[in-house]
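Below is one structure; the comments refer to it alone.
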Amino acid sequence: MAFHAFHHAPHGGARHDGSGGGGRVRPRFWAEVVLGGLAALLFLATLIRRDWIELLFGVEPDAGSGALEWLIVGVTALVTVLCAVGARTEWRRAHPAGAHAPR
């Protein structure tokens, strides 16, 4: 049986053909998953209970207008989407679509 170009390196995820990948995701993937998950939770919490800042900290930084809460919703939605795209990119880098296809 011939040696295939997608053979995994024994210690670290680099493929023998020099193209990277190898089935292991980098720590960046896990950072994006965790950060994206936390941002998604904060996004949902702010949508469900918009006065959580006032309840938790006892202050009204936006004088009760709700502007800060909407800013939090927008920022956390953006962070969630960016982290999801980044994590997907990292996953696809480590697991190329054609690498494990039967020949």
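Nothing here was measured: the structure is a model prediction, and the numbers come from that model.
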Does Glu69 form a side-chain contact (heavy atoms from CB on, under 4.5 Å) with Glu54? I'd like the steps, not just the answer.
CA-CA 10 Å; Glu69 287 82 357; Glu54 288 85 0; 3.1 Å; yes
Nearest heavy-atom contact between Gly36 and Cys83 is CA-CB, 3.6 Å
Consider only side-chain heavy atoms of I, L, V, M, F, W and Y, link residues closer than 4.5 Å, and tell whether Leu56 and Leu42 are in one cluster.
yes
Give me the one residue out of Leu78, Val79, Ile72 that meets side-chain contact (heavy atoms from CB on, under 4.5 Å) with Thr76.
Ile72
May I ask you to test the Leu55-Arg49 pair for a side-chain heavy-atom distance under 4.5 Å?
yes
Arg93 and Arg26: CA distance, side-chain angles, deciding distance, side-chain contact (heavy atoms from CB on, under 4.5 Å) verdict:
CA-CA 10 Å; Arg93 181 201 58 81; Arg26 297 185 293 190; 3.0 Å; yes
Where do Thr80 and Ala40 come nearest, in terms of heavy atoms and distance?
OG1-N, 3.2 Å
Answer yes or no: does atom CH2 of Trp30 have more than 12 heavy-atom neighbours from other residues, nucleotides or ligands under 6.0 Å?
no
Report the C-alpha distance between Glu90 and Val25 in whole Å, list the side-chain angles of each, state the deciding distance to 0.1 Å, and finish with yes or no for side-chain contact (heavy atoms from CB on, under 4.5 Å).
CA-CA 7 Å; Glu90 283 295 309; Val25 292; 5.6 Å; no
Working for side-chain contact (heavy atoms from CB on, under 4.5 Å), residues Arg50 and Val73:
CA-CA 9 Å; Arg50 286 179 284 192; Val73 166; 5.9 Å; no
Heavy-atom nearest pair, Gly66 first then Asp62, reads N-OD2, 3.0 Å
With clusters defined by side-chain heavy atoms of hydrophobic residues (ILVMFWY) lying less than 4.5 Å apart, directly or transitively, does Leu41 cluster with Ile48?
no
For Arg24 and Ala94, the nearest pair of non-hydrogen atoms, with its separation, is O-CB, 3.1 Å
Cluster check Val75, Leu35: I/L/V/M/F/W/Y, side chain < 4.5 angstrom
yes
Measuring from atom CG of Leu47 to atom CH2 of Trp70, what distance do you get when rounded to the nearest 0.5 angstrom?
6.0 Å
